[in-house]
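Basis for what follows: all heavy atoms, side chains included, without hydrogens, waters or symmetry-related copies. Here, residue 1 is the first one in the sequence, and each next residue gets the next number.
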Amino acid sequence: MTLCSRCASTGKTCCQQTDILVTRADVTRIRLHSGRDDFYEHRPPEDPECLGDEGDPNWLLYTLRLDGTRRVLRQTTAGDCCFLTSSGCALPGEVRPLVCRLHPVTYTETGLTGLYPGCPEELAEPGQALLQAIGMDLGTARRWWEELYRELRQELRPVDRAA
């Protein structure tokens, strides 16, 4: 059982009360897997921290539409991600949004910057490093980071900014 599964069983995860950004390509991957179209919406960021650049001056340019909204996964009335189950994410790893795959790795457009301090490392097996506990390695994180920013840059085309 991965750290994410153990975390989900506690009922307090990064998938709750969090706006989960999805790229246009994330939407396509999820749609093809689930056959659904009702899993995302456009809304303004609820967390004011999402409006800062966090050392990433292009983040808002890449993620906010002209009307100040961004594409995020829908949440249940309790604030959970619509794909969160008691055992973790209902989506297979290769279908999950890239920001979910990358969590808890932090990053900017210039590279990986560290690990998010809120991940409950205490749920890891004794002696397990955080990335090992979630089943990720730095090479995979770099690949997902490159893919995320490639997809975000593609969305800068004016025709895509409104969608």
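- Counting only residues at least two apart or in different chains, salt bridge (Lys or Arg N to Asp or Glu O under 4.0 Å) contacts with residues 78-100 are absent.
- Take R150 and apply the salt bridge (Lys or Arg N to Asp or Glu O under 4.0 Å) test, not counting sequence neighbours, and it matches no residue.
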(request) Please step through side chain to side chain contact (heavy atoms under 4.5 Å, CB included) for the pair W144 and Y149, ending with a clear verdict. (result) CA-CA 9 Å; W144 288 337; Y149 276 89; over 6 Å; no
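- Residues L21 and D26 come closest through the heavy atom pair O-OD2, 4.3 Å.
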(request) Show the numbers, then the answer: is there a side chain to side chain contact (heavy atoms under 4.5 Å, CB included) between V99 and Y107? (result) CA-CA 10 Å; V99 297; Y107 48 85; 3.4 Å; yes
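- Considering all non-hydrogen atoms of both residues, P45 and G68 come closest at CD-O, 3.6 Å.
- In terms of the side-chain contact (heavy atoms from CB on, under 4.5 Å) criterion, residue partners of C15 (sequence neighbours excluded) are, by chain and number, T13, C81, L84.
- Side-chain atoms of L73 and I30, non-hydrogen and from C-beta on, do get closer than 4.5 Å to each other.
- In this structure the side chain of R71 reaches within 4.5 angstrom of the side chain of R24, judged on heavy atoms.
- Among pairs with a residue in residues 110-134, those fulfilling ring-ring contact (aromatic ring centres under 6.0 Å, His included) read H103-Y116, at least two apart in sequence or across chains.
- With sequence neighbours excluded, no residue forms a salt bridge (Lys or Arg N to Asp or Glu O under 4.0 Å) with R142.
- Side-chain contact between L115 and L131 is present, with heavy atoms from C-beta onward closer than 4.5 Å.
- What you find for Q17 and A78 is that their closest heavy atoms are NE2-O, 2.6 Å.
- Side-chain N or O atoms of T140 include none that pairs as donor or acceptor with a backbone N or O of M136 at under 3.5 Å.
- In this structure, the side-chain contact (heavy atoms from CB on, under 4.5 Å) partners of T18, at least two apart in sequence or on a different chain, are I20.
- Taking the side chain as every heavy atom from C-beta outward, L102 and W145 approach each other to under 4.5 Å.
- To the nearest 0.5 Å, atoms SG (C82) and OH (Y40) are separated by 12.0 Å.
- Judged as a side-chain contact (heavy atoms from CB on, under 4.5 Å), and not counting sequence neighbours, the contacts of D37 are R31.
- In terms of the side chain to side chain donor-acceptor pair (under 3.5 Å) criterion, residue partners of T110 (sequence neighbours excluded) are, by chain and number, T108.
- Side-chain contact check for Y62 versus L148: every heavy-atom pair is 4.5 Å or farther apart.
- The ring-ring contact (aromatic ring centres under 6.0 Å, His included) pairs that include a residue from residues 14-38 number zero, where partners must be two or more places apart or lie in different chains.
- Judged as a side-chain contact (heavy atoms from CB on, under 4.5 Å), and not counting sequence neighbours, the contacts of A25 are T23, R29, E151.
- Between the T69 side chain and the H42 main chain, no donor and acceptor come within less than 3.5 Å of each other.
- Counting only residues at least two apart or on different chains, the salt bridge (Lys or Arg N to Asp or Glu O under 4.0 Å) pairs with a member in residues 97-111 are E109-R153.
- R43 pairs by the salt bridge (Lys or Arg N to Asp or Glu O under 4.0 Å) definition with D19, E41, E46, not counting sequence neighbours.
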